[in-house]
Amino acid sequence: MSFVNPDNLIAVALVINRSRDGPTFVFHYPAAVLPVGDDADHPGDAADCEDMLLEKLSRPLFRDAVDRSPSNSKHSHARRHNHDEHTMSESGTQTVPWESVAGFPTRDLAGILTPARPYHKKLFQLSLDPLLCVSYPIHVPESGKWKKAKKSKAGRALSAMDDDAPATSRAPSIAISAASAPTDSDGLTEKDKDKANDKEKDKDKDKDKKDEDEEKRSSMTMFNLVFILRPKKDQTRELVDALYSNIAKKVNKAFKYSQQHSDFVWKESKKILATKDRAREDKKRMSDLWKELREQSSLAASVQDIYEAISQNRIATLHLDTAAGVLSPSVQIPAPFYVADLPPDEAKRARGLWLTTANAFLTQDALEEPGFLDRNFGLLLMEDEKKIVTELQLQADGDPSALPMVEFVRLSKPTMSFYQVGQSNILSLSQVRKFAQHFIFWRRAIAIPPLHARDTYIVSPNCDLTRLPEASAEWQNAFPLAPPLPNFLSDMSVCPRPYKTFCPSKVHRPLYLRMLAWLMRGGWVTQLCTFAYVVVWPEIIYQVDYEMEAEELEGPTPSTSPRSAGAESSVSPMTSSAAATAAALARPHNEHPRIPDDEDEDDVDDEDKIGAVLSPTSTSSALSASLAHAAESKARQASITSTAPSDSTTAASISLPSTSGAVPIPSTTERAAEAARLERIAQRVSREAADKAAAHARKAVPEATAHPSTNCSPHLAGIAPHIILDAKKTTGQESRYLAAIALRLRDDRVRQAWGSMCRYFDGHCALERVALQEEMKRKEAWMLLTAMSEYLICTRHW
């Protein structure tokens, strides 16, 4: 798990591009961003040292010619240690502190951080090893203007009528009323006055157009808020994804909205650049300049807010003072409120988080299932309920949704699921989801499985014991009559047991549930859950294998009347192929062969057909048919041989005329050899089938016992139990195992529930939540699970 912090988030910078002046580096925060190699707090490993060496070697490529000179080395050293002052080289060149970021000149950074239009609203990622720049560039629309000009109704009607007219004819005309022109005593006629006024108007119009063109040429065509990172190599992808999707994309979209509606980004950028130019002339200290910029420009202040909030893993709330009003978008990287595994020793930030797999094991199927989250999760407030209600009541006058949210806070208890809260007549289920999402986004609550006194809770292995003294005082203030926190945690560290056993009596149970919510809120305890897989015992494995072998030996039922109507559909393909092959062998040599149709498998070899007939899956009926046809073929061959002419030349001359596509007629010797080969193969297959039948007959007949897990019969020796990893996705043999188990369940109600319960036996679904999901009482759910326990193998963890 990677966290954004000042070590891996180096700076946030704003870059714009102007049509005339080109890329410009507008503002960055923090003010003094030293070169990475000068950071003494990052010794790093060998690979990092190598990267820093390469960075130092490549640094002159980004330096000025003055910076490369040996005489200026002392000034470079001074800049690294005092990045707030202006310096002058011996040649008289002024070095401005804010014109260098992380050792790179800002004009060079502005050029490489200005991507082309194809990167518009896409991930732009640039590596300046060991730094990484991530952004979401925004370009001006194809029209060249950030916003569309508003048209009056008459203008829209005129535009609609004159769409086909040329551009010059659609230019607006200026009409001057003669009656409104002032009288003059110089003798000019009204016509001359109108001409003079027209000239003056045209002059003013040309001047306005010139100013507009000048502004258009120098205006902004692209802006890009860039995040400069220094991630660890194994956390690069995770950190980039988190910053891009949650921060860079959303903030740039907010800036785009402000720019389109009030030209906010461009106006603020002009203000910042003008202030920096004056500060350059006055040689103002960088710290004073940055303070002035944050006070004068809400854009500069928003860049600072983004860096400080995101680097400290807080919510960044921006205040954009636009001409259309103040906009206050909020962005954040969702703070992790749980971990599924114990974090490594160096991940100190994860210490103290809630340890659970309730969220990590959520599958896409579960998320898409209606009502799954509503039934399996409730809301746990991270602050005192009274404090949150008071804050909401103060906002009730200006926010109409404040009062329903107050009711939501009062109704939502950590012992109730969202579905149970939505069953009240006060709030609908959609309102419950909406308010829960609101509180979770603002980190005022987290979603947890509803707390229950019959569940088992243990001291979390991820709890932060360094906070124990401080937490003990808070515990004593919250629950004065409760045992001290160290003693209570010590009692929960013994053999796990249901939480209700810690309560002195049933009257104290509500108080102890509030104590449990307090412990969950601080990550002191976690729930110990039960997960199950289906185990198939050797007795059931032997039974299923025995039944499958018997079915294979029996084979499909042969047709009683092969020659009757519909016989082709009842006879198996193997039997039909065998009959066709035998009929071809038994055909008289003087009979005209049938030319196969295009739909027949005439490309298939006779060898392949025969092999298919006599495959191991052939049935005994198919073998009998082959033998019968072979015998009939031999008899016909004998009769043909006895009546055939004795002269070999005459016999050789008896043949059919050669036709295109005709099948050659095998000779008598070939037919006899083929029949003999078929007979030998059939005899071998018949012997194998007989051996299998005899071996099957010698096996012990399966017998269902009351407890298959304890059956140690000799015929089960060598058969290992089989574990089904996901009982809701079984196919083939595993599905037969589940069916055999269902037949062995003695109680009808348990047998009927077996099919629906199997979807929870995947090692990911906690059995403690079956009652919530199935909408049944906990006692009833555990009764069913207990009746199935012989066929379940269970494990327990958080």
Side-chain angles (χ1 to χ4, degrees), residues 361 454-456 495-498 500-501 527-554 695-774 776-797:
F361 280 168
R454 290 192 178 92
D455 289 335
T456 303
C495 183
R497 54 182 180 173
K500 66 177 184 179
T501 59
Q527 184 179 357
L528 188 65
C529 297
T530 309
F531 302 87
Y533 300 93
V534 175
V535 56
V536 186
W537 299 110
E539 177 183 314
I540 300 175
I541 297 176
Y542 180 85
Q543 174 188 342
V544 172
D545 291 345
Y546 187 91
E547 293 174 352
M548 293 178 66
E549 186 177 351
E551 293 174 1
E552 182 181 353
L553 290 173
E554 290 177 1
H696 178 74
R698 288 193 297 269
K699 287 185 178 181
V701 178
E703 182 180 355
T705 62
H707 299 285
S709 58
T710 59
N711 191 349
C712 300
S713 301
H715 65 277
L716 302 179
I719 303 178
H722 175 74
I723 296 177
I724 300 178
L725 298 180
D726 193 348
K728 66 177 178 293
K729 296 181 180 180
T730 57
T731 57
Q733 196 166 0
E734 286 189 341
S735 62
R736 299 189 65 150
Y737 290 156
L738 295 180
I741 292 175
L743 294 175
R744 291 168 179 264
L745 297 173
R746 292 183 292 272
D747 188 271
D748 292 339
R749 189 175 182 185
V750 178
R751 190 182 304 112
Q752 293 175 359
W754 172 255
S756 60
M757 290 291 188
C758 278
R759 62 190 182 124
Y760 301 108
F761 305 148
D762 59 353
H764 289 175
C765 300
L767 301 185
E768 285 77 6
R769 264 127 20 220
V770 171
L772 290 173
Q773 189 65 16
E774 294 293 329
M776 60 175 62
K777 295 183 178 179
R778 292 175 62 90
K779 185 177 181 181
E780 179 184 1
W782 281 111
M783 181 198 70
L784 294 174
L785 293 172
T786 303
M788 304 172 185
S789 60
E790 186 166 4
Y791 305 99
L792 302 178
I793 182 170
C794 298
T795 180
R796 306 189 77 186
H797 58 80

For R769, check salt bridge (Lys or Arg N to Asp or Glu O under 4.0 Å) against everything at least two apart and list the hits. none

What heavy-atom pair brings P538 and L716 nearest, and what distance separates the two atoms? O-CD2, 3.7 Å

Mind checking whether Y791 and W754 have parallel, tilted or perpendicular rings, split at 30° and 60°? perpendicular

So, using side chain to side chain donor-acceptor pair (under 3.5 Å) as the criterion, who are the partners of R454 when residues are at least two apart? none

For the pair Y737 (side chain) and H722 (backbone), establish whether a donor and an acceptor sit closer than 3.5 Å, ignoring hydrogens and angles. no

Decide whether Q543 and E547 meet the rule of one side-chain donor and one side-chain acceptor closer than 3.5 Å. yes

Supply the atom-to-atom distance D726 CG to C758 SG, rounded to the nearest 0.5 angstrom. 10.0 Å

Strictly distance-based, threshold 3.5 Å: is any side-chain N or O of E768 a donor or acceptor partner for the main-chain N or O of T530? yes

Heavy-atom closest pair, residues V535 and P721: CG2-CB, 4.1 Å

Closest approach of A727 and V534, non-hydrogen atoms and distance? CB-CG2, 3.9 Å

By side chain to side chain donor-acceptor pair (under 3.5 Å), D747 pairs with (sequence neighbours left out) none

Would you mind listing every salt bridge (charged side-chain N to carboxylate O under 4.0 Å, His left out) that reaches into residues 783-795, with sequence neighbours excluded? none

Answer yes or no: is there a donor N or O on one side and an acceptor on the other, between the side chain of Q527 and the main chain of D455, under 3.5 Å? no

Inter-residue atom distance C712.SG - E539.CD, 0.5 Å rounding: 10.5 Å

To the nearest 0.5 angstrom, please state how far the CG atom of L785 sits from the CE atom of M757. 5.0 Å

Could you list the residues that satisfy salt bridge (Lys or Arg N to Asp or Glu O under 4.0 Å) with E774, not counting sequence neighbours? R759

Here the pair of heavy atoms bringing R744 nearest to T705 is NH1-N, 3.8 Å

Minimum heavy-atom distance Y760-L767, with the two atoms named: O-CD2, 4.4 Å

All heavy atoms of P708 vs all of W537, minimum pair found to be O-CB, 3.9 Å

Can you tell me how far apart CG (L792) and CD1 (I724) are? Round to the nearest 0.5 Å. 10.5 Å

What distance separates Y542 OH from I719 CD1, expressed to the nearest 0.5 Å? 7.5 Å

CG on L772 to CZ on R778, rounded to 0.5 Å: 7.0 Å

R751: what forms a salt bridge (Lys or Arg N to Asp or Glu O under 4.0 Å) with it, not counting sequence neighbours? D748

